[in-house]
Number of protein chains: 2
Amino acid sequence: MDERRIGSLRFTIDFSQPLYEQILSQMRSLIAKGEIDVGEKIPSVREMAHELKINPNTVMHAYQELERDGLTEKRRGQGTFVTNSVTQIRHFKERLALDYTREFLLNMRNLGFRPDEIEAYLEKLTHGKGGL
Amino acid sequence: MDERRIGSLRFTIDFSQPLYEQILSQMRSLIAKGEIDVGEKIPSVREMAHELKINPNTVMHAYQELERDGLTEKRRGQGTFVTNSVTQIRHFKERLALDYTREFLLNMRNLGFRPDEIEAYLEKLTHGKGGL
DNA sequence: GAAGTGTATTATTTGATATAATACACTTGA
DNA sequence: TCAAGTGTATTATATCAAATAATACACTTC
């Protein structure tokens with residue numbers, strides 16, 4: 001587990017997942033939660049690679065996925081910027097939320113849980129002592 | 001997408017995931033839902049490999065995980081059997097349900113959803129027209 | 001003892017992941 | 001103008017997980 005600060009952003013890298021996926025998911029989260037502003041510049045490929053001590057190609061991989069998500073736009077010679085479209089970001093969140101929820105429901109149903117049981121279980125876990 | 005019947009069991013194999021993981025998750029589901037009875041014999045490594053047209057070693061991999069889950073017991077010269085312990089199976093379901101739910105909550109929170117929003121979203125999706 | 005079990009070993013292939021080194025195209029600003 | 005900083009592309013290499021292949025061994029049942 002390795003933690004690095006890049007500008008005002010905090011990144012945590014380990015070896016449990018592919019590096020580019022870790023960058024991708026953390027960047028998605030930062031943008032989705034508005035911790036990076038709309039239109040704001042994100043760290044350059046080279047800076048990110050240098051700070052995280054990984055290869056620029058690996059960062060590139062993550063950044064290309066971000067653009068496919070519609071979350072960023074690249075400007076040659078300038079850098080990579082979060083999209084100005086709040087709508088784009090909202091759509092991304094809706095898309096991913098739907099994916100996550102469907103996967104969760106499928107997993108639980110494969111264990112034999114019925115829809116009402118799933119809701120009850122989630123509620124119990126959410127409201128339980130200790131939270132989460 | 002390839003579908004095979006092995007005895008009374010139905011298996012579906014594709015190339016979206018590692019083969020042993022597909023066997024593992026489908027077998028887990030069959031046992032968890034009681035579609036294979038407690039104490040019942042499951043297909044032999046060789047039979048499964050032959051029917052699914054894959055390598056016995058790959059089936060072995062999945063079966064070893066099943067045993068680590070506490071869902072099966074192996075008897076040399078006889079075969080692999082679902083555990084007789086209903087408690088074991090219940091514990092496995094509780095363990096996995098907790099994992100799935102925690103992962104789901106983490107994913108949603110990373111998108112900026114608050115706990116009450118997550119519950120509301122799940123409920124909306126579950127009770128919506130079309131189901132699932 | 002033959003047939004069917006799980007198990008172990010060794011070798012090989014394939015694809016995803018990551019690194020490395022380099023070069024090119026574009027933009028900005030001194 | 002040109003240096004510095006951007007994204008991009010290419011080629012080569014290394015590593016590891018996943019899967020296959022071929023065999024052999026130990027055990028159980030009939």
Side-chain angles (χ1 to χ4, degrees), chain A residues 1-2 4 6-7 9 11-27 31 36 39-83, chain B residues 1-2 4 6-7 9 11-27 31 36 39-83:
Chain A
M1 194 148 56
D2 198 14
R4 286 274 178 283
I6 304 173
L9 308 177
F11 285 88
T12 306
I13 299 292
D14 58 36
F15 295 96
S16 64
Q17 285 179 320
L19 298 177
Y20 82 91
E21 279 186 12
Q22 296 183 53
I23 297 170
L24 177 61
S25 67
Q26 289 177 54
M27 207 50 112
I31 298 174
I36 308 181
E40 191 175 337
K41 185 177 183 300
I42 67 175
S44 77
V45 170
R46 286 179 178 80
E47 181 185 7
M48 186 72 113
H50 181 258
E51 292 296 330
L52 297 181
K53 297 181 172 58
I54 64 179
N55 195 277
N57 295 338
T58 305
V59 179
M60 263 297 290
H61 193 170
Y63 277 23
Q64 284 170 343
E65 290 293 312
L66 277 181
E67 189 159 36
R68 292 207 313 159
D69 288 339
L71 292 178
T72 59
E73 294 167 5
K74 291 165 182 169
R75 301 178 203 151
R76 278 211 162 193
Q78 300 184 44
T80 303
F81 300 80
V82 174
T83 178
Chain B
M1 194 150 56
D2 198 15
R4 286 275 178 282
I6 303 173
L9 308 177
F11 285 88
T12 305
I13 298 294
D14 58 35
F15 294 96
S16 64
Q17 286 179 319
L19 299 177
Y20 82 91
E21 280 186 12
Q22 296 183 52
I23 297 170
L24 178 60
S25 66
Q26 289 177 53
M27 207 51 112
I31 297 173
I36 308 181
E40 192 175 338
K41 182 177 184 299
I42 69 175
S44 77
V45 170
R46 284 179 177 83
E47 181 185 7
M48 185 74 113
H50 181 258
E51 291 297 330
L52 297 180
K53 297 181 172 57
I54 63 179
N55 196 279
N57 294 337
T58 305
V59 179
M60 262 298 290
H61 192 170
Y63 277 23
Q64 283 171 344
E65 292 293 313
L66 277 181
E67 188 160 36
R68 291 207 313 161
D69 288 338
L71 292 179
T72 59
E73 295 166 4
K74 291 165 184 169
R75 303 178 202 149
R76 279 212 163 191
Q78 301 184 43
T80 304
F81 299 80
V82 174
T83 177

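Throughout, protein chains are lettered first and strands after them, A, B, ... in sequence-line order, and every chain is numbered starting at 1. Just so it is clear, the structure is predicted and the values come from calculations on it, not from any experiment. Because only heavy atoms are used, hydrogens play no part in the values below, and waters and symmetry mates are left out as well, while side chains stay in.
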statement: Taking every heavy atom of A:N55 against every heavy atom of A:N57, the minimum-distance pair comes out as OD1-N, 2.9 Å
query: Does anything in residues 52-65 of chain B reach DNA chain C, meaning a heavy atom under 4.0 Å, and if so which residues?
result: B:N57, B:M60
query: Of all residues at least two apart in sequence or in a different chain, which pass the ring-ring contact (aromatic ring centres under 6.0 Å, His included) check with A:Y20?
result: A:H61
- prompt: What is the minimum heavy-atom distance between B:K41 and B:S44, and which atoms define it?
  reply: NZ-N, 4.2 Å
- prompt: Once you round it to whole Å, what is the distance between P of D:dA4 and NE2 of A:H50?
  reply: 17 Å
message: From NZ of A:K41 over to P of C:dT27, roughly how many Å is that when rounded to an integer?
response: 15 Å
message: Please confirm whether the shortest side-chain N or O distance from B:T80 to OP1 or OP2 of C:dG6 is below 4.0 Å.
response: yes
task: Rounded off to whole Å, could you give me the CD-to-C1' distance for the A:E73 and C:dC26 pair?
output: 17 Å
- prompt: Which pair of heavy atoms, one from B:F11 and one from B:Q26, lies closest together, and at what distance?
  reply: CA-OE1, 3.4 Å
- line: To the nearest angstrom, the CZ-P distance between B:R68 and C:dT7 comes to 14 Å
query: Hey, what do you get for CG (A:L66) to CD1 (A:I23), rounding to the nearest 0.5 Å?
result: 9.5 Å
task: Just jot down the side-chain contact (heavy atoms from CB on, under 4.5 Å) partners of B:R4, sequence neighbours excluded, or say none.
output: B:D2, B:L52, B:K53
query: Looking at A:Q78, does any N or O in its side chain come under 4.0 Å of the phosphate oxygens OP1/OP2 on C:dT28?
result: yes
message: By nearest atom, which of the nucleotides D:dG7, C:dG6, D:dA19 is closest to the A:S44 side chain?
response: D:dG7
query: Which whole-number value in Å describes the distance from B:I13 CD1 to D:dT20 P?
result: 10 Å
- prompt: How close or far is atom P of D:dT20 from atom CE of B:M48, stated in whole angstroms?
  reply: 14 Å
- prompt: Rounded to the Å, how far apart are A:R75 CZ and D:dT8 P?
  reply: 13 Å
task: Calculate, to the nearest 0.5 Å, the distance between atoms CD and CG belonging to B:E65 and B:L71 respectively.
output: 11.0 Å
- prompt: Is the distance from OP1 or OP2 of D:dT8 to the nearest side-chain N or O of A:K74 less than 4.0 Å?
  reply: yes
message: Looking at C:dA18, I'd like to know if its phosphate oxygens (OP1 or OP2) sit under 4.0 Å from a side-chain N or O belonging to A:Y20.
response: no
query: Considering heavy-atom distances to DNA chain C, does A:R46 or A:L19 have its closest nucleotide positioned more toward the 5' end?
result: A:L19
- request: Whole angstrom is fine here: how far is it from CD in A:Q22 over to C1' in C:dT17?
  value: 12 Å
